[in-house]
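Taking it in order: structure first as C-alpha cells, then the write-up.
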Amino acid sequence: KIDMITGGHALIFSKDAEADRAFFQDVLDLPSTGGHWPIFGLPPSELGVHPSDDSEHHLLYLLCDDVDAFVAKMTEKKVACSAAEDKGFGLMTTLTLPGGGKLGVYKPKHARPENPP
C-alpha cells in the first residue's frame with residue numbers, strides 16, 4: 001500500500017462556469033472553499049480504468065443511493081434529468097448543467113471499494 005495519494009481532483013470544463021458553480025453550490029448543496037475560484041468537496045470516490053483508443057478522454061459520474069429520489073429532487077429544483085436507465089453497471093440518469101455540459105448520476109450495481117483511512 002502506498003500512502004502518498006490523499007484524494008482526487010476532478011475538473012469540469014464549462015461554457016458558463018459561474019452558472020455551473022452556482023448549480024453545484026445551490027442545487028447539489030456541495031461544500032466549497034468559497035471565493036472567486038471555489039473547489040467543491042465530494043464524498044468518497046472511486047476510480048476505474050477502461051481500455052480505449054483515446055487516452056485523452058475522461059469521464060466523471062456522481063454516485064447516489066436512489067436515482068428516482070435524486071431525479072425527484074432535481075425536478076423540484078427545476079433541473080431536467082433523463083429517465084433513469086439500467087446501464088448494467090448501475091441505474092443512471094443524465095442531467096444538463098447550466099453551462100450545457102452533461103453529467104451522469106447513477107446508483108451503482110457494481111462492488112464498491114472500501115474508503116482508504
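Source: prediction; values computed, not measured.
In terms of the side chain to side chain contact (heavy atoms under 4.5 Å, CB included) criterion, residue partners of T94 (sequence neighbours excluded) are, by chain and number, S82, M92, K102.
Of all heavy-atom pairs between C64 and P108, the closest is O-CD, 3.7 Å. Residue G99 comes nearest to K15 through the heavy atom pair O-CB, 3.7 Å, listed as atom of the first residue, atom of the second, then distance. Nearest heavy atoms, L60 versus L103: O-CD1, 3.7 Å.
For D54, the CG atom is densely surrounded, since the number of other residues' heavy atoms within 6.0 Å is greater than 12. Within a 6.0 Å radius of NZ in K77, other residues, nucleotides and ligands contribute more than 12 heavy atoms.
Within the 4.5 Å cutoff, the side chain of F24 has heavy atoms near those of the I12 side chain. At a threshold of 4.5 Å between non-hydrogen side-chain atoms, the residues L59 and H50 do not count as touching. Side-chain contact check for L30 versus L42: some heavy-atom pair is nearer than 4.5 Å. Side-chain contact check for V71 versus C81: some heavy-atom pair is nearer than 4.5 Å. The shortest distance between side-chain heavy atoms of K109 and D86 falls below 4.5 Å. Looking at heavy atoms from C-beta onward, L97 lies in side-chain contact with L95 at the 4.5 angstrom threshold. By the 4.5 Å heavy-atom criterion applied to side chains, L28 and L62 are counted as neighbours. Contact of the M74 side chain with the V27 side chain is registered, since non-hydrogen atoms from C-beta on lie closer than 4.5 Å.
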Exercise for the section: Would you check, one step at a time, whether the test side-chain contact (heavy atoms from CB on, under 4.5 Å) holds for K73 with V79? Expected result: CA-CA 9 Å; K73 186 70 165 178; V79 175; over 6 Å; no
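Residue F70 is not grouped with residue L91 when hydrophobic side chains (ILVMFWY) are merged at heavy-atom distances under 4.5 angstrom, including chains of intermediate members.
Contacts classified as salt bridge (charged side-chain N to carboxylate O under 4.0 Å, His left out) and involving residues 18-42 (residues at least two apart or in different chains) are given here: E18-R21. Among pairs with a residue in residues 62-71, none fulfils salt bridge (charged side-chain N to carboxylate O under 4.0 Å, His left out), at least two apart in sequence or across chains.
Between Y106 and Y61, the ring planes lie perpendicular to each other; the angle is over 60°, past the 30° to 60° tilted range.
With hydrogens and angles ignored, the 3.5 Å screen pairs no side-chain donor or acceptor of T93 with any backbone N or O of A83.
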